[in-house]
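Every heavy atom of this structure was used, including side-chain atoms; hydrogens, water molecules and symmetry mates were not. From a predicted model like this one, the values you see are computed outputs, not experimental measurements. So that the names make sense, note that chain A is the first sequence line, chain B the second, and so on, each numbered from 1.
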Amino acid sequence: MTSAAPGLPDAPDARPRIRVRLGDRSVRGRAVDLAARSEAPAIAPAALAAAVRDPDDERVRCASPGPLHEHVGLVDGRALPRRRALAAAARALGYRASNRARIEALEDRLADHDPPAADLRAARERVAEAGADVDRQRERVATYQGRVQALREAGVDASDAVADLEAAASALSEAETEHAAAEQALARERQRAREARDARERRLELEDRLANARREARAELAARVRERVDAAVVATPDSSATTFDRADPVTARLALARAVTLDAPVVLAARRFPDVGAASDWLDAPAIRV
Amino acid sequence: MLLVVTYSRGARRDLRNVCRAHEETVVRRFGRAALFAATEHGAFLACRLREKHPDDVQVERTRPFNEFTDADAAVREAAAAYEARDEPSTPYRRFAAGTDHPDPASLKARDLDDDR
């Protein structure tokens, strides 16, 4: 920073500061070293990075993070989606993809696209149940028929059994009617589902086109910042890589964070700097070391 | 066999994963559809997909088509004769008129018998 004019007090540091509160201990500043504070309750680095991103999480008070924070907010060795991260860095630097209007138009069309339901489960289940009922009723009818015949052959009064048989026959007829109705309903539903699936197919095409457009946008944005990020890779301590694509995840994250001005703190789970202050200065961002 | 067709990106992705993990049950893969073997495992996989994406997964039961047992000779012969026609632009309707070949309306009116 430039020094203040003589005779005037130093201008207060206007760069974003943070406050971290864990348990009953609270730390303020631009560079916070939790690793050196033995009394601080342990917190997983990922949980701390999530707290940075969550505006309602009282454990970390800081400026609100942009979309790049998702990729670089926690500097550790996890794999990094390189192209996505580069595109996020480009967006943070104010670049916009040339096909943005097309992406927005596709998003609007997709949002308006609400295909009707195509689930035939209820209709299928009704057919299956009705079919099983028909089978059951048929068996009953056969049983009563056998009983009536046996009674008659034995010369015994069969009128009760005949009444049962008639009742069973009537139940069978009802079951068959229901089965036919269920089959018809399923056929109608299938016709309806066909139209719903046509609509879903069109939605799928839209989704594919949108995904392609977003991929193109990411490639274009990534190309805009690649050189700048490659330069940051070369400048990263303990890095032998010369390009972003070949850098290890820690180097890649540090380089991205340096290439973009971050207001929200970066959580450092890897050791590349003598202390958190040096890291914060190099990154020109608030930093928390865990 | 079971024909599984997907209608969303999520369903398509899950079908792809199922196909990758269960080659022994997947008879054939297409872009966003696949044929599963007609085994209980095939049904299990299809049910899982349907359970996860009820609206975006269509499952149909299919079986191989044998034109010599599943269709009348008249249909087969009509198809062969039409493919051997002299004038490529002749529509089938005109081609069949005045011959013994079935007209399109009667072809459409008759279902293939499942128990043939």
Enquirer: With a cut-off of 6.0 Å (strictly less than), are more than 12 heavy atoms of other residues, nucleotides or ligands near CZ of R190(A)?
Expert: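 12 or below, so no.
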Enquirer: What pair of heavy atoms forms the shortest contact from T6(B) to L204(A), and how long is it?
Expert: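 Smallest interatomic distance, heavy atoms only, reads O-CD2, 4.3 Å.
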Enquirer: Might you confirm whether atom CZ of R246(A) has over 12 heavy atoms from other residues, nucleotides or ligands at distances under 6.0 Å?
Expert: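 Not buried by this count: 12 neighbours or fewer within 6.0 Å.
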Enquirer: So which residues of residues 32-42 of chain B are in contact with chain A at a heavy-atom cut-off of under 4.5 Å?
Expert: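 The stretch touches chain A at R32(B).
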Enquirer: Evaluate whether atom CD of E60(B) has more than 12 neighbouring non-hydrogen atoms of other residues, nucleotides or ligands under 6.0 angstrom away.
Expert: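 Yes, the 6.0 Å shell around CD holds more than 12 heavy atoms from other groups.
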Enquirer: R9(B) versus L210(A): any side-chain heavy-atom pair under 4.5 Å?
Expert: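 No; the side chains remain at least 4.5 Å from each other.
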Enquirer: Under 6.0 Å from the CZ atom of R61(B), do we count more than 12 heavy atoms belonging to anything else shown?
Expert: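 At most 12 heavy atoms, drawn from other residues, nucleotides or ligands, come within 6.0 Å of this atom.
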Enquirer: Report yes if the side chains of S8(B) and R203(A) come closer than 4.5 Å at any heavy-atom pair, otherwise no.
Expert: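 Side-chain contact under 4.5 Å: yes.
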Enquirer: What residue, out of A211(A), A118(A), A193(A), has the most heavy-atom pairs lying under 4.5 Å from chain B?
Expert: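 Top count of heavy-atom pairs under 4.5 Å with chain B: A118(A).
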Enquirer: How about N66(B): does its CG atom have over 12 heavy atoms from other parts shown lying under 6.0 Å from it?
Expert: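 For N66(B), atom CG is crowded (more than 12 foreign heavy atoms under 6.0 Å).
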Enquirer: Counting only heavy atoms closer than 4.5 Å, note whether V5(B) contacts chain A via side chain, backbone, both or neither.
Expert: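 The answer is neither part of V5(B).
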Enquirer: Would you give me the side-chain donor-acceptor pairs under 3.5 Å for residues 76-92 of chain A, sequence neighbours excluded?
Expert:
| residue | atom | partner | partner atom | Å |
| --- | --- | --- | --- | --- |
| D76(A) | OD1 | R78(A) | N | 3.3 |
| D76(A) | OD1 | R78(A) | NE | 3.0 |
| D76(A) | OD1 | R78(A) | NH2 | 3.4 |
| D76(A) | OD2 | R78(A) | NE | 2.9 |
| R82(A) | NH1 | F244(A) | O | 2.8 |
| R82(A) | NH1 | A247(A) | O | 2.8 |
| R82(A) | NH2 | A247(A) | O | 3.0 |

Enquirer: State, with a plain yes or no, whether a side-chain heavy atom of Q58(B) is found less than 4.5 Å away from one of R194(A).
Expert: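 Of all side-chain heavy-atom pairs linking R194(A) with Q58(B), none is under 4.5 Å.
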Enquirer: Which atoms of R124(A) are under 4.5 Å from chain B, going by heavy atoms: the side chain, the backbone, both sets, or neither?
Expert: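 The answer is the side chain of R124(A).
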Enquirer: Within a 6.0 Å radius of atom CZ on F30(B), are there more than 12 heavy atoms belonging to other residues, nucleotides or ligands?
Expert: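 Buried by this count: over 12 neighbours within 6.0 Å.
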Enquirer: For the pair D119(A) and R50(B), evaluate salt bridge (Lys or Arg N to Asp or Glu O under 4.0 Å) and give the outcome as yes or no after the intermediate values.
Expert: CA-CA 9 Å; D119(A) 186 13; R50(B) 202 178 231 176; 5.9 Å; no
